[in-house]
Amino acid sequence: MIELRTPAEIDAMRPAGAFVASALVALREASVVGVDLLKLDSLAAGMIKKAKATSCYVDYHPSFGAMPFGKVLCTSVNDAALHGLPHSYRLKDGDLLSLDFAVSIDGWVADSAISFIVGESETSAADQKLIDTTEAALAAAIVAAQPGGRMGDVSAAIGAVCHAAGFGINTDFGGHGVGRTMHGDPHVPNDGRPGRGVPLRPGLVFAIEPWLMQTTDRIFTDPDGWTLRSLDGSRAAHSEHTIAITEDGPLVLTAR
Ligand code: MG
């Protein structure tokens with residue numbers, strides 16, 4: 001069921017969005033060479049506690065997860081695309097790291113993700129293009145998320161940017177409605193046709209999350225039961241914001 005939020009409810013979602021945004025900035029700064037993924041998760045847990053927020057991940061147990069997630073931060077390194085379960089791994093120079101983070105504050109959820117290259121000396125042009133393309137796709141999707149439009153406009157904007165850059169798109173996982181819980185209706189496919197799908201009415205709040213892999217559009221689940229990896233071992237990137245459709249256009253609740 002799609003629920004529309006009042007302007008007052010959208011205002012009430014701002015603290016969660018601002019917290020997720022600031023936490024991702026701090027976690028990115030903490031993601032230096034030699035830092036363990038479990039340390040990043042514990043840093044995130046400390047931020048959640050200090051902010052009196054509630055993790056959306058720790059008890060999350062959908063049909064595609066082998067067990068409750070058990071951590072508060074998704075840490076997807078290199079060929080890991082989505083749902084990276086933090087484990088004991090020390091970041092190396094040139095690693096491509098994606099952090100996905102969702103919490104609720106005062107009962108309202110915000111969900112956002114960033115990808116970046118760890119360290120400074122081993123920046124790969126191919127990795128940077130992958131990251132830049134997911135960010136450009138997210139930016140184009142936000143521009144397309146106008147009241148009076150349709151969800152297909154958002155999906156088509158993502159697809160156009162990714163296809164133009166030469167990437168295949170896996171549409172098994174995409175964006176989703178955001179509200180009292182992390183995943184609600186409507187689904188936000190990462191490719192589609194303009195003018196189709198759910199009407200973009202003021203009050204609709206959803207996450208947009210393009211993700212790409214360098215040379216495949218196929219994934220498999222790691223033996224850890226959660227982490228989704230590219231089938232051919234090529235690297236992946238992921239960008240996500242939670243937005244609200246307002247009378248004045250899209251409002252990015254997780255803007256950094
Ligand atoms: Mg997310």
Side-chain angles (χ1 to χ4, degrees), residues 13-28 31 37 40-41 43-45 47-48 51 53-62 64-65 68-77 80-86 96-105 108-116 131 134-135 137-139 141-142 145 154-155 158 169-190 204-213 219 221 226-229 236-244 250-256:
M13 298 178 88
R14 289 176 185 267
F19 169 72
V20 166
S22 65
L24 282 175
V25 170
L27 291 166
R28 177 179 181 154
S31 299
L37 298 178
L40 294 178
D41 181 71
L43 281 172
M47 293 175 199
I48 286 172
T54 302
S55 171
C56 295
Y57 292 164
V58 70
D59 296 323
Y60 187 53
H61 189 190
F64 55 80
F69 192 71
K71 305 290 183 194
V72 302
L73 181 68
C74 290
T75 56
S76 301
V77 182
L82 297 173
H83 308 160
L85 187 65
L96 198 173
L97 177 60
S98 301
L99 301 176
D100 194 347
F101 190 53
V103 306
S104 67
I105 292 179
W108 295 106
V109 170
D111 187 0
S112 184
I114 52 171
S115 288
F116 52 90
I131 294 167
T134 63
E135 290 180 351
L138 177 57
I142 292 168
V154 174
S155 299
I158 294 170
I169 300 172
N170 177 303
T171 53
D172 290 352
F173 293 90
H176 46 88
V178 172
R180 294 289 188 184
T181 58
M182 176 167 61
H183 288 144
D185 291 331
H187 178 54
V188 186
N190 280 340
L204 191 62
V205 180
F206 55 94
I208 306 173
E209 48 178 322
W211 59 284
L212 291 171
M213 300 172 284
I219 51 177
T221 306
W226 270 101
T227 307
L228 297 176
R229 297 186 184 278
H238 179 204
S239 296
E240 177 178 17
H241 274 309
T242 298
I243 74 157
L251 170 67
V252 182
L253 290 162
T254 49
R256 293 184 290 277

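As the structure lists them, so they are numbered: ligands from 1, and atoms in each ligand from 1. FYI, side chains are in, hydrogens and waters are out, and symmetry mates aren't considered; it's all heavy atoms of this structure.
To the nearest 0.5 Å, atoms OG (Ser76) and CG (Leu85) are separated by 9.5 Å.
The aromatic rings of Trp226 and His83 sit perpendicular to each other, their planes meeting at more than 60°, with 30° as the lower class boundary.
Sorting the N, O or S atoms of Asp100 by how far they are from the Mg ion (ligand 1) puts OD1 first. The N, O or S atom of Glu240 lying closest to the Mg ion (ligand 1) is OE1. Take the N/O/S atoms of Asp111: the one nearest the Mg ion (ligand 1) is OD1.
The only option from Leu251, Ile208, Asp111 that meets the side-chain contact (heavy atoms from CB on, under 4.5 Å) definition with Thr242 turns out to be Asp111.
Taking each heavy atom of Leu99 and Arg28 in turn, the nearest pair found is CD1-N, 4.2 Å.
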